[in-house]
Each structure stands twice: as C-alpha cells, then as structure tokens.
Amino acid sequence: MSKIVKIGKVTIGGGNPIAIQSMANVDPHDEGLLVSQVKRLKDAGCDIMRLTVPDTEAAEVFGRVRRSLNEDGYDIPLVADIHFDYRLAIKAIENGADKIRINPGNIGSIERVREVVKAASERSVPIRVGVNSGSLEKHIIEKFGGVTAEGLAESALENLKIIEDLGYDNLVVSIKSSNVKMNYEAHKLLVKGTDHPVHIGITEAGTLKRGQVKSAIGIGSLLLNGIGDTMRVSLTADPIEEVYYAREILRTLGMRPSAIDLVSCPTCGRTKIDLESLAGEIEKGLESLEKRLLNEGKSGIKVAVMGCAVNGPGEAREADFGVAGGLNEGLIFRKGNIIKKVPEDRIVGELLELIENTIFTAEK
Ligand code: SF4
C-alpha cells in the first residue's frame, strides 16, 4: 500500500479515497477568473486544484487566490505547477501552496532543488515529482532507444531519488504518457520501485469524445490494478468536464459513492419516444436529488429509463423506479409494478416526484 500524504485538508495514499484533481485554464494572472473557476470546479466535485505558476506575478496572484478562497470558505488544496524556475516554487510555497509539482530534472542544479526541498520541508508541503513522455531525459532515451515504459519508470524513480537523497520523502509521483498501453506498463514498473502515492492520468488525452475513452481505459485499468491515489482526467475541454468524467470513472468502479444508478436502454425498432432526450432530462433532474441523498448518507437507488412497454418494465425489474416510454405517453413503475400511465410531457415531473416522495416520506 502507498504511503499517506497530506495535501492541505485532503489525505491521499494508504487506501484513502482517490482524490479528483483538475487544473485551472484561465489566465494565471487574473485573480478573479481563477477564484471563480476554482469555486466552480470544487462545487462540481473536484478535490484538489492545480494552478500554473509561470512567473513571479502569477506566484503573487497564487497567494491572493488562496486568501480569497479561504475567506469564502473554500479550503480546497491548491497545487502550484512549476517548470524550470526554482524561485517560483519557493515563492508559491511561501504564498500558501498545499503541494508543488516539479520535475527536478528541469529545475537546474542540485543546489536549486535543495532550496526548493528546504522551503517545502519547512512547511510540510508535499512535492509531486512529475515525469512525462514529452520531457524524458536524453540519457534515458538513449539507454532505452526511445521513449519506453521502462524509460518512463526509470526516469520517475531517478527523479524521486534526487529528492529522497536530500532527506525529504513527503512525495507524490506521476508518470504521464498519451499512449495508454505504455502508460499502463510504466506504472506497473513504477510501483515495484516505490511506495510513494501515485498521481495517475493520461496526458494529452484529446478532445471530449476521444479523451474520455482514453482516460476511462488508461485510468480505469490502473485503478483496477490497485494503482493510483489521485487522478486527473486531461481533456481539451472545459475543466469541469474533467471533474464530471473523473467522478464517473470512480463511480463506475465503485470507488466513489453513488446515490443513484441510472440505467437506460439502447433503444431499438420498438422505441416510440424520444428516449435520448427523456433520459437526459431525467439524469439532469436527478442531480440535485442525488446531492441531497449523499448529504444524508443514502445510496443504492436504481432508476431505469426504458424505451418500450413491451420489455421495459420486465428488463428493469430490478430497478427501484422507472419509466417505459410509449407513443406520446409513459408508464411509471416501481420495482417492476406499473404505478400509472402519464402523458409524455409529464413523465419527468411525475417520475421525480414519485422518487422524492417515496424516499423522503418513507422515513418519516
Ligand atoms: Fe427496445 Fe424496449 Fe428493449 Fe428499449 S426496452 S431496447 S425499446 S425492446
């Protein structure tokens, strides 16, 4: 099992829940935009946010963002993403970073790395050592004849060792490749050589559609192998999609509580209703109900949205609630028994009302 590391108020490693991360993509010098983006992502379920710190001004803004979020009750940990300039890492730590992400190999001399480690250890700030396929060291590429899983794992272990040798082991490690198979093999090698918590993800996964598939397979396969303590789904999209999708991956694997399991049929020639829109509306309507259920510690409710009355109720017999669509109407059912028939425009409202009334009235 991996070691435990505390990132602000979030603890990762040692079997703790997998923390979801995302990264701000607004101007790192714009305090207002950063604050509102971090809040939006936190409200969507993000556990840890990373902010890039490309220059001194951004390091100062980082501090102001931290203070502003604290004042508004948002204590979500902030990670400073640093490349090349060790002084920015120190400045970000002084300005309240809960973790920093560096690659010791591109920070420069060992003296500079030592300065960063000193600042981090004074404030118990963890360091994520990040290696990715695009910035693999020359000597590693030469040794392995190109970018390989073995090379990625060796580079990560070498970079970790640089900091471990300085007496600091408050570390998280990451390897990122956009090649799912290479990413998988590299992680399997990595965890044989270290027990630091691992931040997982597929880098440059791509646009929403392709990136989701790549991330589901890339991240999912690692999680199923017990690898990964925190994760980021990287998408060329609004970062809020990264958070939604990360949550879905964890829910699918049973690693994050899910109050409501929504199933819907794939539709076929029997379908006489716009099931795609209907399922989408029901999914949206269930979101606030799900939040309420999770807040009250309830889970395990199954809702089925089926396209016909012939097979619908039967196919979804195991569901607690459901609807089977017909021509301009829908049958609402509970545990396989039909409760009522309603016109199409009332299906969503009636179904949600039934669910809400049954769950919240039953307990009174
Ligand atoms: Fe087709 Fe009905 Fe099955 Fe949906 S539930 S796939 S509409 S038979």
Side-chain angles (χ1 to χ4, degrees), residues 45 206-221 223-224 233 235 237 241 243-294 298-362:
T207 52
L208 206 51
K209 222 173 186 175
R210 287 165 186 247
Q212 285 182 350
V213 175
K214 263 192 171 184
S215 299
I217 298 171
I219 294 173
S221 56
L223 291 174
L224 284 172
V233 171
L235 296 172
E241 300 289 347
V243 177
Y244 289 146
Y245 205 61
R247 257 180 17 200
E248 271 320 300
I249 292 174
L250 292 174
R251 280 158 60 130
T252 303
L253 296 173
M255 293 176 168
R256 185 154 281 228
S258 171
I260 299 175
D261 183 18
L262 177 67
V263 298
S264 55
C265 84
T267 74
C268 72
R270 288 187 202 270
T271 321
K272 298 270 187 302
I273 197 163
D274 178 2
L275 198 73
E276 199 178 329
S277 305
L278 185 66
E281 280 175 48
I282 292 172
E283 183 176 39
K284 209 164 178 355
L286 289 173
E287 272 172 22
S288 60
L289 189 62
E290 176 152 45
K291 270 190 196 152
R292 208 172 139 197
L293 288 167
L294 285 172
K298 296 185 181 17
S299 61
I301 291 152
K302 189 167 177 181
V303 179
V305 182
M306 312 303 282
C308 77
V310 178
N311 291 328
E315 284 186 19
R317 192 164 288 126
E318 285 170 18
D320 297 291
F321 304 94
V323 61
L327 186 61
N328 303 322
E329 62 183 23
L331 294 175
I332 295 197
F333 55 94
R334 168 148 168 66
K335 293 199 183 292
N337 299 315
I338 296 169
I339 304 275
K340 60 167 113 170
K341 185 190 278 191
V342 295
E344 188 172 351
D345 60 350
R346 285 191 15 227
I347 294 175
V348 179
E350 294 266 357
L351 179 68
L352 294 176
E353 201 180 310
L354 172 71
I355 299 174
E356 195 162 349
N357 286 345
T358 311
I359 297 170
F360 293 107
T361 317

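For ligands, and for the atoms within them, numbers begin at 1 and follow the listed sequence.
Ranking the protein heavy atoms by distance from atom 3 (Fe) of ligand 1 puts Glu315 OE2, 3.2 Å first. With respect to atom 1 (Fe) of ligand 1, the closest heavy atom belonging to the protein is Cys268 SG, 2.3 Å. With hydrogens left out, the protein atom closest to atom 8 (S) of ligand 1 is Asn311 ND2, 3.2 Å, a heavy atom. The protein non-hydrogen atom at the shortest distance from atom 2 (Fe) of ligand 1 is Cys308 SG, 2.3 Å.
Shown here for Leu331 and Ala309, the closest heavy-atom pair between the two residues is CD1-CB, 3.6 Å.
Between Leu286 and Ile282 there is a side-chain heavy-atom pair separated by less than 4.5 Å. A heavy-atom distance below 4.5 Å is found between the side chains of Leu223 and Leu250.
Atoms of ligand 1 found under 4.0 Å from any heavy atom of Thr271, numbered from 1 in the order shown, are 7 (S). Distances below 4.0 Å separate heavy atoms of Arg270 from the following atoms of ligand 1: 8 (S).
At least one donor-acceptor pair closer than 3.5 Å links the side chain of Asp320 to the backbone N or O of Lys302. Thr271 places no side-chain N or O within 3.5 Å of a backbone atom of Ile273 that could act as its donor or acceptor partner.
The distance from atom 1 (Fe) of ligand 1 to the nearest N/O/S atom of Cys265 is not under 2.8 Å.
Residue-environment remark: CZ (Arg251) exceeds the threshold of 12 foreign heavy atoms within 6.0 Å.
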